[in-house]
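FYI, the numbering just counts along the sequence from 1.
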Amino acid sequence: MPYFDLDRFDQDEDSMVRRLSGATRAAVPEGTDGWTWALPLVFQSLASPSTARFPQRPGGGPHEVEPGVLGYWAALQGFLTYVLGWRRHDRGLRWWIDKGRPTEDPHLAFLADVWGADGAVEPYLFWVQSLPQFRNPGALSHDHAWHAEDLDLGWSLWQTEQERARAGAHPRPFGLHLENGDHIADLGPVAVGPRDMPPRMTYNLASHEAVLETQTLAQAFERLSTMGGALPAAAGAAWRIHLYAKTVGFLGTYRQSWRTGLWFSGPHRHHSPGN
């Protein structure tokens, strides 16, 4: 049984998505870029599984450039990067598939209920593994770019089979869109505008908990890195930062990995495999 009670809407019938066709920045939700319009729905669905809402899978793949299509795939990319804190999407998704697609945590359940149920995980994994290089936005990752690596025999055969099955159907447009990481990095202005709520953090040293509030998604993850990293040393325990963006709502509770140095939400055992 799915963990999330998802309302899967048709992008062609949704007024917000229709406004994106032709697209000016003024037409997209506050705090997001035209390619990242669906990412706020990820955080809002995780915060409220009973009222979760997410678009149906579009016809195109992650190489497409139309806003409605690219927004769906950018949301998957943003989920892996900003929620799970994965720098290596290829490693993380191979681990998830090899482990039988576990769903014991709400974050992995969302991966299964949306992109797993849509049959979208495999096309995205194939696409990522086809790239000679992949870039991460700098907000969470200190290691900005990584390169393709050798696969074990089983996954190498899978990749070859996918290449044969998809021959001519899915080009590898390195240098154009999601593989540069710049679209999910552009989640709205990082600089605090004159009408923005200034970023603010409160913390309790005894409980090692903090609350960080910002105006936009971009500010939230930039300040999570800078302000979270400046918190007093917490002996014996990691800081738990409850993160909010005014334009989206609650983004999750984040910790900084002692192993990778990256910020993530959910169990550490689900963060490590994607790095």
- Task: Determine the minimum heavy-atom distance between His268 and Ser257, stating which atoms define it.
- Result: NE2-OG, 2.7 Å
- Message: I need the Gln256 CD to Arg240 CZ distance, nearest 0.5 Å.
- Response: 15.0 Å
- Within the side chain of Thr103, is there an N or O that forms a donor-acceptor pair under 3.5 Å with the backbone of Leu108? no
- Linked, directly or transitively: Ile97 and Val114 (ILVMFWY side chains, under 4.5 Å): yes
- Reported NE2-to-CZ distance for the pair His271 and Arg87, which is rounded to 0.5 angstrom: 9.5 Å
- Heavy-atom side-chain proximity of Leu217 to Pro40 below 4.5 angstrom: yes
- Only pairs at least two apart or in different chains count here, so list each salt bridge (charged side-chain N to carboxylate O under 4.0 Å, His left out) that has a residue in residues 243-270. none
- Message: Would you say that Val128 contacts Gln77 through its side chain, given a criterion of any heavy-atom pair below 4.5 Å between the two side chains?
- Response: no
- Item | Connected via hydrophobic side-chain network under 4.5 Å: Phe9 and Leu76 | yes
- Val211, Phe221: one ILVMFWY side-chain cluster at the under-4.5 Å cut-off? no
- Task: Give the ring-plane orientation class for Trp239 versus Tyr203, where under 30° counts as parallel, over 60° as perpendicular and anything between as tilted.
- Result: perpendicular
- State whether the side chain of Thr214 and the backbone N or O of Ala245 hold a donor-acceptor pair below 3.5 Å, judged by distance alone. no
- Note on the structure: Separation between CZ (Phe264) and NE2 (His270), nearest 0.5 Å, reads 11.0 Å
- Plane angle bin for Trp73 and Tyr124 - parallel if under 30°, tilted between 30 and 60°, otherwise perpendicular: parallel
- When every non-hydrogen atom of Leu41 is compared with those of Ser45, the smallest separation belongs to O-OG, 2.7 Å
- Query: Can we say Arg94 and Asp152 salt-bridge, meaning some charged N sits less than 4.0 Å from an Asp/Glu carboxylate O?
  - Reply: no
- Query: Which value, rounded to the nearest 0.5 Å, describes the distance between Leu80 atom CG and His89 atom NE2?
  - Reply: 5.0 Å
- Pairwise distance CZ(Phe4) to OG(Ser48) - rounded to 0.5 angstrom: 9.5 Å
- What closest approach, in Å, do Ala233 and Leu205 show between heavy atoms, and which atom pair accounts for it? O-CD1, 4.4 Å
- Task: Output, in order, the C-alpha distance, side-chain angles, deciding distance and verdict of side-chain hydrogen bond (donor to acceptor under 3.5 Å, both in side chains) for Gln44 and Thr51.
- Result: CA-CA 9 Å; Gln44 291 164 354; Thr51 59; over 6 Å; no
- Query: Same cluster or not: are Tyr3 and Leu46 linked, directly or through other Ile, Leu, Val, Met, Phe, Trp or Tyr residues, by side-chain heavy atoms under 4.5 angstrom apart?
  - Reply: yes
- Message: Ignoring hydrogens, what is the shortest heavy-atom contact between Phe43 and Leu251? Give both atom names and the distance.
- Response: CD2-O, 3.4 Å
- Message: Whether the side chain of Arg91 engages the backbone of Gly274 through a donor-acceptor N/O pair (distance < 3.5 Å, no angle test) should be reported.
- Response: no
- Hydrophobic cluster identity match, Trp263 and Tyr244, side-chain contacts under 4.5 Å: no
- Message: Ring centres under 6.0 Å, that's the criterion: do Trp115 and Phe110 meet it?
- Response: yes
- Note on the structure: Nearest heavy-atom approach of Ala75 to Phe54 is CB-CZ, 3.6 Å
- So do the side chains of Pro123 and Gln162 get within less than 4.5 Å of each other, counting heavy atoms only? no
- Query: Side chain of Asn275, backbone of Thr260: donor and acceptor closer than 3.5 Å?
  - Reply: no
- Task: Output yes when a side-chain donor or acceptor of Tyr254 lies under 3.5 Å from a complementary backbone atom of Tyr82, and no otherwise.
- Result: yes
- Message: Between Trp96 (side chain only) and Pro102 (backbone N and O only), is there a donor and an acceptor less than 3.5 Å apart?
- Response: yes
- Query: Relative to each other, are the rings of Trp86 and Trp95 parallel, tilted or perpendicular (30° and 60° limits)?
  - Reply: perpendicular
- Decide yes or no on salt bridge (charged side-chain N to carboxylate O under 4.0 Å, His left out) for Glu104 and Lys99, but give the supporting numbers first. CA-CA 12 Å; Glu104 71 268 18; Lys99 291 294 183 180; over 6 Å; no
- Pair listing, salt bridge (charged side-chain N to carboxylate O under 4.0 Å, His left out) test, anchored in residues 204-221, at least two apart: Arg200-Glu213
- Are the side chain of Trp158 and the backbone N or O of Phe126 linked by a donor-acceptor pair below 3.5 Å? no
- Pair Leu231-Ile241, side chain to side chain contact (heavy atoms under 4.5 Å, CB included): steps then yes or no: CA-CA 10 Å; Leu231 283 167; Ile241 300 181; 3.8 Å; yes
- Measure across His107 and Gly266 and return the closest heavy-atom pair with its distance rounded to 0.1 Å. CE1-CA, 3.7 Å
- Query: Roughly how far, to the nearest 0.5 Å, is the CG atom of Leu262 from the OG1 atom of Thr81?
  - Reply: 10.0 Å
- For residues Asp90 and Leu151, determine if any side-chain heavy atom of one lies less than 4.5 Å from a side-chain heavy atom of the other. no
